[in-house]
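Just so it is clear, the model here is predicted, and its values are computed rather than measured. We name chains A, B, ... by the order of the sequence lines, and we start the count at 1 in each one.
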2 protein chains.
Amino acid sequence: MTPRGAGTGMTGGALAVQGGLVMVMTRLKRILSIDTENLVAEVEPGVVTGHFQEVVEGEGLFYPPDPSSAAYCTLGGNVAECAGGPCAIKYGVTRDYVLGLEVVLPTGEIISTGVHTAKGVVGYDLTRLMVGSEGTLGVITKIVLRLLPLPEEVRTLSVVFSSIHDAARTVSEVARSGILPRTVEYMDQAAIRCVEDHLKIGLPVDAGAMLLIDVDGSRSGVEASLQYLVAICEKGGADQIKVAGSKEEAKELWRAREAMSPALFRLGPDKINQDIVVPRNRIPDMVEWVDELRARTGLTIVTFGHAGDGNIHVNIMFDRNDKETLEKAESAVKELFGQTIALGGTISGEHGVGVTKAPYMEMEIGAEEIAVMKRIKAMFDPKGILNPGKIF
Amino acid sequence: MTPRGAGTGMTGGALAVQGGLVMVMTRLKRILSIDTENLVAEVEPGVVTGHFQEVVEGEGLFYPPDPSSAAYCTLGGNVAECAGGPCAIKYGVTRDYVLGLEVVLPTGEIISTGVHTAKGVVGYDLTRLMVGSEGTLGVITKIVLRLLPLPEEVRTLSVVFSSIHDAARTVSEVARSGILPRTVEYMDQAAIRCVEDHLKIGLPVDAGAMLLIDVDGSRSGVEASLQYLVAICEKGGADQIKVAGSKEEAKELWRAREAMSPALFRLGPDKINQDIVVPRNRIPDMVEWVDELRARTGLTIVTFGHAGDGNIHVNIMFDRNDKETLEKAESAVKELFGQTIALGGTISGEHGVGVTKAPYMEMEIGAEEIAVMKRIKAMFDPKGILNPGKIF
């Protein structure tokens, strides 16, 4: 039995790899309540994330987790995978917004976990044990979510650096400043070139890196933060800083980042997208290492992602029919994970393990920790009927 | 075997109620590393919370969880109980700062959980299963903590209301505004009078409630937030608003709140301190209900706490030698929990269950959820040797 939301996951969590039934949850799509005084909502798992965000924004509220697939993916899938997105640097990930759950266990019990309040510490944290468990411990049938007030204003700036090192140092400076931007997105040179080929909007194809920074808050606060960030970027050696003066200009600046995924397919019909995280100050080391890997293997590799929290999407573009390149790509992934762990990172920031990362699980997690996780799985699902073949 | 930090917990979690060994962790007190670039620290569990806060502040960094016992309590105990504090409204609780743990299991394995990075979703969330498990699942021997940049400035205002309802409505307004204060503390009339008797500093003894609000952020941002909050409080019907102009004045405003716990003992030699949480907009209902309880039982009851997140400390002052009052107090606690749950709340916001709340656990948590928790306990600790007699 494999629970499935919209099937937008990146590691195959919703695929019935061992056959059996797929339980599509998309018709459980009611927003059950939005408590505008206590900033809490109750939803069914099939509610589309982007739809939910629009509805709460209509009430002057804000649900921050913003996976790229927000227009299609469901909140249930987001909870199952602990989805993130660009806003995570300031607002955290799905885990940070789930107050409680209703879950049907593989043994038949329907349990309610967590609270409807801001705090709560009665008993073990079953809520967060379910978040990110990828549909292997229970089927989520209801979600209690924490909301925030909608920030009064969002402003955008794009910053171009000739050197990736200057860009990375600047990201660290920004993170250390008292001002936490809403997003700090990054594109490397290969990514900039790829999007420019696709869109022809005059991106700086010789730049080493580009940052896209959103700041939000109260109107007066945002203006002050913006000036402060511009000063940090200038001091950090930025070649070009564009501050969007209007929503349209902000949209234009974001166009490059949003075109990233479709543009990639200019470079090859198939993509391996790896979602690694390294400590923020190791981003330049990782990017340099990817440069070396690219040179050594001849593979087409593009990196971009959430620089603010060290979460880099490393994309290898290739043709699946070309067996030799496929093998090379697969071995490059293994090397990439090894390097990620050597730099103190993790092999999955927000995409889960599913089937595609399961073979690499032991590179990061020790045998004793895996044994504990397997015991938890066996305890919740003694017959192994729920989403078999995932994670382990 | 009962692991123990400084023993400052409020529900008896560190007491060896069934005998056996107490494992005092206070000598594991090294701060192992503070990574000022990636805003991550590694500590041993015996580090005193307040000491850690001072050390990271020396590096321009900030560790927000601030239980009242910060000067004595240890980070290990904070993790075991998922400690909170006044800052939780803006910054969350201990759970939100624990990235990873080293834990010795009752079965002898030493496991490492979590990550050293901002994000990470590989396998089940063993980290947060351990947070708040009150020393019943494993002994914490190392903690990886997330840090924040130290806010540039903190400003304080105290606000007096003649009616508790106006105060509560104002708290909701503040929480709904884009400006999240660092703290929104509240004292009811009984609390104000008690502290005034103790300190004689001219507190408004006829006021219905007093709020103590801290705002933090960048210098310019704080000034703007302060003005905005003053406007909300004026509109909300505040009788008196004092904005501290200096650190000394802020300290003076906080004096009343900080004198609260010692002042209480003027009202009786013994205290039952219950740490309930209700949805923020139910605070007036709860306070009214407590008024009725006080009138009906003749018990001395004082409420104060973290209004921003609906977390109210309800204190019953009495003399343990007076058997009749003791029985009345114990039956009042049970009523209080019933009312809390009826209002959609939880019986423990930040103090855990330990021994004192264990008899009431089933009022909030269903039989099937408790069965799952007990299975988890049995899985981690098949011989039941770790902190027996707690939670369940």
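The residue among E152(A), R176(A), E134(A), E109(A) with the most heavy atom pairs within less than 4.5 Å of chain B is R176(A). Between chain A and the residues L137(B), I89(B), D216(B), the largest count of heavy-atom pairs under 4.5 Å involves L137(B). Looking only at heavy-atom pairs under 4.5 Å with chain A, the residue among P151(B), G60(B), P149(B), S225(B) that has the most is P149(B). In terms of heavy-atom pairs under 4.5 Å with chain A, the best-connected choice from G366(B), S133(B), G308(B) is S133(B). Your options are G352(A), P279(A), G221(A), S177(A), and the one with the most heavy-atom pairs under 4.5 Å with chain B is P279(A).
For L39(A), the parts sitting under 4.5 Å from any heavy atom of chain B are the backbone and the side chain alike. With a 4.5 Å cut-off on non-hydrogen atoms, F62(A) does not touch chain B at all. With a 4.5 angstrom heavy-atom cutoff, E59(A) touches chain B only via backbone atoms. Residue H351(A) touches chain B through its backbone alone, counting heavy-atom pairs closer than 4.5 Å. Heavy atoms of S112(A) lying under 4.5 Å from chain B belong to its backbone as well as its side chain.
More than 12 heavy atoms of other shown residues, nucleotides or ligands fall within 6.0 angstrom of atom CD in E57(B).
Closest heavy-atom contact between I110(B) and E369(A): O-OE2, 4.1 Å.
For the atom pair CG of N38(A) and CG of N281(B), the computed distance is 3.5 Å after rounding to the nearest 0.5 Å. For the atom pair I365(A) CD1 and I111(B) CD1, the distance stands at 10.0 Å (nearest 0.5 Å).
Heavy-atom neighbours of chain B within the stretch residues 115-126 of chain A, taken at a separation under 4.5 angstrom, comprise V115(A), H116(A), T117(A), A118(A), K119(A), G120(A), V121(A), V122(A), G123(A), Y124(A), D125(A), L126(A). Residues of residues 78-85 of chain A having a heavy atom under 4.5 Å from any heavy atom of chain B, listed by number: E81(A), C82(A), G85(A). Heavy-atom neighbours of chain A within the stretch residues 91-100 of chain B, taken at a separation under 4.5 angstrom, comprise V93(B), R95(B), D96(B).
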Atom pairs and distances, donor-acceptor, side-chain atoms in residues 371-380 of chain B, under 3.5 Å, two or more places apart:
from    : atom 1 : to      : atom 2 : distance (Å)
K377(B) : NZ     : T136(B) : O      : 2.7
K377(B) : NZ     : D381(B) : OD2    : 2.8
K377(B) : NZ     : L386(B) : O      : 2.8

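Judged purely by atom type and a 3.5 angstrom limit, R128(B) has no side-chain atom pairing as donor or acceptor with the backbone of L129(A).
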